[in-house]
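Some notes on the structure that comes next.
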Amino acid sequence: MKKVITYGTFDLFHQGHYNLLKRAKELGDWLIVGVTTDNFDLERGKMNTCNNVMERIEAVKSTGLADQIVIEEYKGQKIEDIQKYGVDIFAIGSDWTGYFDYLKEYCDVVYLPRTEGISSTQLRQERPVVSLGIIGTGSIASRFVPEAEVVNNVEIVSAYNPDLEECRAFCGKFGIKKTAGSLEELFSACTAVYVASPHYTHYGYVKEALLSGKHVLCETPFVFKESEAEELFSLAEEKGLVMMVALKTAYCPAFGHLVSMLKSGVIGEIVEVNASTTTLTDEKSQKLDSRLHGGSMNENACFPLLPILKLLGTKFEDVRFYSKMKNGVDIYTKAVFRYETAIASFQVGLGVKTEGNMVISGTKGYAYVPAPWWKTDYYEIRYEDQNKNRKYFYPFAGEGLRYEIKDFVSGILSREYYFSKVSKKENLCMAQIQEQFLRGENVFII
Ligand code: CTP
């Protein structure tokens, strides 16, 4: 039996893909199709795929041409697959001519004619573009704009800041066409907004945006009251709009995979999660201004809360906070959560520095994520028997905001596949914890 293998991303499956598979199949008796994983595509710099790996596999399967589908996860896998499956012919489109000649040592290499006039890139470009308006033009918005530029199907069309001069300067710097003089002007120019204004203004802006029918991506911390979070989520649902909190860690490739691995039991039962996020900040910074909802908890707590709630759930027995205060804000807080079968803790600080790593301990081993764990591209799973230790590396490009932007845009464009990487329940729980802290409940001043 003559075995043929071919590989591809097969995003937005099109006629060119079909023709290629058909031609490859005709070369032999058994066709193996390798479909790239989302992570492998990210590593190769292909971060704009619209369909996830399951959807892409389904599309290949539905042609009925593949006798076997394998997933391609890493560079160098082709040689191993060819040997493992006893492949006779490696086939690929003619756009790759010459590139895979190194495989000739292992099997025949055939470059098949490519179908003219169609490609996934072209189809992605033909999809509608989400026009985005920005509310707030501070430092995070300045990092956001270049990140949005590398994401397909989104264009920043306008920005708003009550300080018109500042807004003009921002738009000029980033080549944004419209400086909005009012929220109404901003909303009339866009279909979605990114709220990057001071924390205490989030609730008001998000609500106005939703009421105006705009999809919303809101910076962290989302809001400080559970009732406000609940109200905004209900409003988004009612209006059929996407509302996402821009908690960047949740959208990064490494974090997502770490959570799935731990949930699948690689370190046994999880008994403790500890994470710390500290960023020494100038005392005069707005981040330490009590009138502006500054402080370490408000600024940073959402980051360590993410792994705690993801891994141990939102139903803890109690939480205690130990805070060091200065000028009416916490410059450092340690929080300790008691769960029925586990414990969790975190440290956040703007005026105190700690090691910023994360350790998740289990009955069979532990996960170690080095500082700064919240924007990591690497972690380790460690065991008593050090021979079993494993290191995992992932892409983390630029400022790491592109992953959340991509998800937000996909959420708007392909609603049927949309699911938020931070659930409503988790967001509500974060707001509830912030609220409890602000009420002073179980807060011990040190
Ligand atoms: N292919 C083809 N004809 C096309 C497009 C793709 O024969 N018009 C082939 C490629 O040469 C490759 C396979 O289909 O062998 C899978 O390619 P893939 O990279 O997934 O598709 P593209 O449409 O080329 O995707 P992109 O635009 O993202 O590069």
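Here, residue 1 is the first one in the sequence, and each next residue gets the next number. Order of appearance sets the numbers: ligands from 1, and atoms from 1 within every ligand.
In this structure, E426 contributes its side chain and V422 its backbone to no donor-acceptor pair below 3.5 Å. Looking at Q347, its side chain never comes within 3.5 Å of a backbone N or O of N274 through a donor-acceptor pair. In this structure a side-chain-to-backbone donor-acceptor pair under 3.5 Å is present from W373 to S276.
Distances between N or O atoms of G8 and those of ligand 1 include no value under 3.5 Å. Residue-to-ligand polar distances keep I92 apart from ligand 1: every N/O pair is separated by 3.5 Å or more. By the 3.5 Å distance cut-off applied to N or O atoms, L20 is not counted among the residues near ligand 1. Where the criterion is an N or O separation shorter than 3.5 Å, residue side chain and backbone included, S120 meets it with respect to ligand 1.
Which parts of ligand 1 touch S119 is read off a 4.0 Å heavy-atom cut-off, strictly below it: atoms 23 (O), 27 (O). For ligand 1, the atoms closer than 4.0 angstrom to any heavy atom of F10 are 16 (C), 20 (O). The D95 neighbourhood of ligand 1 comprises atoms 10 (C), 11 (O), with distances under 4.0 Å to a heavy atom of that residue. Heavy-atom proximity to R124, at under 4.0 Å, picks out these atoms of ligand 1: 28 (O).
Of the candidates L123, T121, T115, it is T121 that places a heavy atom closest to atom 27 (O) of ligand 1. Heavy-atom proximity to atom 16 (C) of ligand 1, evaluated over H17, Q125, R114, is greatest for H17.
No side-chain N or O of E272 forms a donor-acceptor pair with one of Y366 less than 3.5 Å apart. Side-chain polar atoms of Y74 and E80 form a donor-acceptor pair below 3.5 angstrom.
Scanning all protein heavy atoms for the shortest distance to atom 29 (O) of ligand 1 gives K46 NZ, 3.8 Å. Ranking the protein heavy atoms by distance from atom 8 (N) of ligand 1 puts I118 O, 2.6 Å first. G93 N, 4.1 Å is the protein heavy atom nearest to atom 12 (C) of ligand 1.
Contacts between T9 and ligand 1 below 4.0 angstrom, taking non-hydrogen atoms only, involve backbone and side chain alike. Residue contacts with ligand 1 for H14 involve side-chain atoms from C-beta outward but no N, CA, C or O (heavy atoms, distance under 4.0 Å). Residue-level proximity to ligand 1 for Q122 is absent, since no heavy atom of it falls below 4.0 angstrom.
Heavy atoms from other residues, nucleotides or ligands lying under 6.0 Å from CD of E226 number more than 12.
Taking the six-membered ring for Trp and the full ring otherwise, the centers of Y394 and Y379 sit less than 6.0 Å from each other.
Relative orientation of the F224 and H199 rings is perpendicular, given thresholds of 30° and 60° on the angle between their planes.
Cation-pi geometry between K78 and Y7 is met: the NZ or CZ atom falls under 6.0 Å from the ring centre, inside 45° of the normal.
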Start with the C-alpha gap between F396 and T376, add the side-chain angles, then the distance that decides, and say whether side-chain contact (heavy atoms from CB on, under 4.5 Å) holds. CA-CA 7 Å; F396 183 89; T376 189; over 6 Å; no
